[in-house]
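Hydrogens, waters and symmetry mates play no part in the numbers below; they use all other heavy atoms, side chains included. These figures come from a predicted structure and were not determined experimentally. Counting from 1, the numbers follow the sequence of the chain as shown.
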Amino acid sequence: MNSSHSSAAPRSPHTFRTVFPVLALCWLAVFFDGMDVNIYGAVMPHMLDDSGLGLTPATAGTIGSWTTFGMLIGALTAGNLTDWLGRRLMLVASVTLFSLGSAICAVAPGVGLFGAGRFVAGLGLGGLMPLCLAMVMEFAPPRRAALTTGLLMTSYHFGGMAATGLGLTLAPAAGWRWVFWAGVLPALVAVPLLLKLLPESPGVLLAHGERDKADAVADRYGLPRPTEVAAPAAGAAGRLAAIRALFRPESRWATPLLWLASFSGLLLVYGVSTWLPQMMRASGYGLNSSISFLMVINAGGIVGLLIAGRAADRFGAVRVSAIWFVLTAVGALLLKSQLPLVVTYAVVAVTGVFLFSAQVMVYAATNTVYRDSERAAGLGWVTGIGRTGAVVGPWLIGVLATNGNQSWGFTTFALAGLVGAVAIALVPLARRIGRSDAPAAPAPVAATAGLS
């Protein structure tokens, strides 16, 4: 299998060490993604107290949904723009967009312009995550895709903790607007590094007809040289073909289940990130304690991703995701109860261990369903359709808060966890049914080369 490369230049080994620059740069980009997503929840209590801004619980939920609506559009359009610009430049564009959105929020005189700023930020945030996930999965060492995905996503929670720290320190001292000015840092820090150090995807380079460059990048980072079947097809026709491939017999039933699991997971992630501090404040906890719960749940998320990545590499991402969703539902129901503060901190931390990594393992599960040539499209649509959950979560909790039923938010989170568990658990059965529906005739050799 490797004999075809015997006359090529010496290749680097394919290990974490050789692909570390790519993983580190994607980690940095997702760190700023997590910071930007969590900034709003971290400062929302201060914004609701700012009478000059005019923010109410109802408009707060709507603005949270505008952010995630921007993410939905960004996730679904990033793939088409990647065909023209490549993943590297699209990552740069995504970081620049959400930094611009943060700047708009910082200067917004009222909720209208503030909401527009969050929508612009959402456009960048939505495109960034599937691009980074696709890059990391492409560059990940063999049989380490789930662990690498988990390591990448720890950065999201470190970013969330940074946002919470800014909400606890900078917002009381200098005002909530300065927290959004801190959200401009990605454009100043990450963009120059991405432009200088991040390589383009070998698969994308091959799809653009740049075989020599594709092989050079693959050799440098120890990757297998990309083949035509592993390269994403370019152009609108290629994009439509990629979408149709998600519904080939082997995956036609698994695809909607992955979408439903992602919907449930992202409803949880963005509902909690947006509303947890305010929900806890309404439950009787103090302002600082309520905001610090967001830091604690993100800290739990970091631990959970490290555990889930290793567990998924051993037991399978589907099984781990299903169990994690169920445990998230249990944690959400416990938070509905009035518990002592120390116990509440412990429950929040443990819930964070399972909540965020349940969703990330849905992403990792796409590796078991889609072929190499379908991976980027599959991830993009799992993430993009899931964004509808991210839109519904903040809006729905906002409606409940407006009617004085914020405690029902925890019940909503528990139900989302159970739905996610059922959906992801059914994926192996759906694949077996799909394989039994597939044509019995043998496929050409060139087509079967990418099925492994």
Is the backbone N or O of [Y] less than 3.5 Å from a side-chain atom of [X], with the two atoms forming a donor-acceptor pair by type?
X      : Y      : answer
Thr96  : Ala187 : no
Ser264 : Leu260 : yes
Thr56  : Thr59  : yes
Trp275 : Pro394 : yes
Asp36  : Phe32  : no
Tyr156 : Val37  : no
Arg88  : Leu197 : no
Glu138 : Ser201 : no
Ser321 : Val318 : no
Ser94  : Met90  : yes

Quick check: closest heavy atoms across [X] and [Y], and the distance to 0.1 Å?
X      : Y      : value
Phe98  : Ala29  : CZ-O, 4.4 Å
Pro199 : Phe139 : CG-CZ, 4.1 Å
Leu91  : Cys132 : CD2-SG, 3.5 Å
Ala430 : Leu257 : CB-CD1, 3.6 Å
Arg118 : Tyr40  : NH2-CB, 3.9 Å

Calculate, to the nearest 0.5 Å, the distance between atoms [atom1] and [atom2] belonging to [X] and [Y] respectively.
X      : Y      : atom1 : atom2 : result
Ile73  : Leu123 : CD1   : CG    : 6.0 Å
Ile63  : Thr68  : CD1   : OG1   : 12.0 Å
Met47  : Leu53  : CE    : CG    : 5.0 Å
Ser155 : Trp27  : OG    : CH2   : 5.5 Å
Ser65  : Trp395 : OG    : CH2   : 8.0 Å
Cys26  : Met129 : SG    : CE    : 11.0 Å

Worksheet entry | Verdict with reasoning, Leu131 to Leu128, per side chain to side chain contact (heavy atoms under 4.5 Å, CB included) | CA-CA 5 Å; Leu131 288 167; Leu128 185 140; 5.8 Å; no
Worksheet item: Can Ser102 and Trp181 be said to form a side-chain hydrogen bond (donor to acceptor under 3.5 Å, both in side chains), step by step?
Response: CA-CA 7 Å; Ser102 196; Trp181 279 122; over 6 Å; no
Worksheet item: Looking at Phe114 versus Phe119, is the centre-to-centre ring distance below 6.0 Å?
Response: no
Practice prompt. Start with the C-alpha distance between Tyr285 and Thr344, add both sets of side-chain angles, then the distance that settles side-chain hydrogen bond (donor to acceptor under 3.5 Å, both in side chains), and finish with yes or no.
Written response: CA-CA 10 Å; Tyr285 297 96; Thr344 302; 2.8 Å; yes
Worksheet entry | Side chain to side chain, Val189 and Phe31, heavy atoms closer than 4.5 Å | no
Practice prompt. Please collect all side chain to side chain donor-acceptor pair (under 3.5 Å) contacts where either partner lies in residues 353-362, sequence neighbours excluded, each pair once.
Written response: Ser262-Gln359, Trp324-Ser357, Gln359-Tyr363
With a cut-off of 3.5 Å and sequence neighbours excluded, list every side-chain donor-acceptor pair involving residues 291-309.
residue, atom, partner, partner atom, Å
Ser292, OG, Asn288, O, 3.2
Ser292, OG, Ser289, O, 2.7
Ser292, OG, Tyr345, OH, 2.8
Asn298, OD1, His157, ND1, 3.0
Asn298, ND2, Leu294, O, 2.8

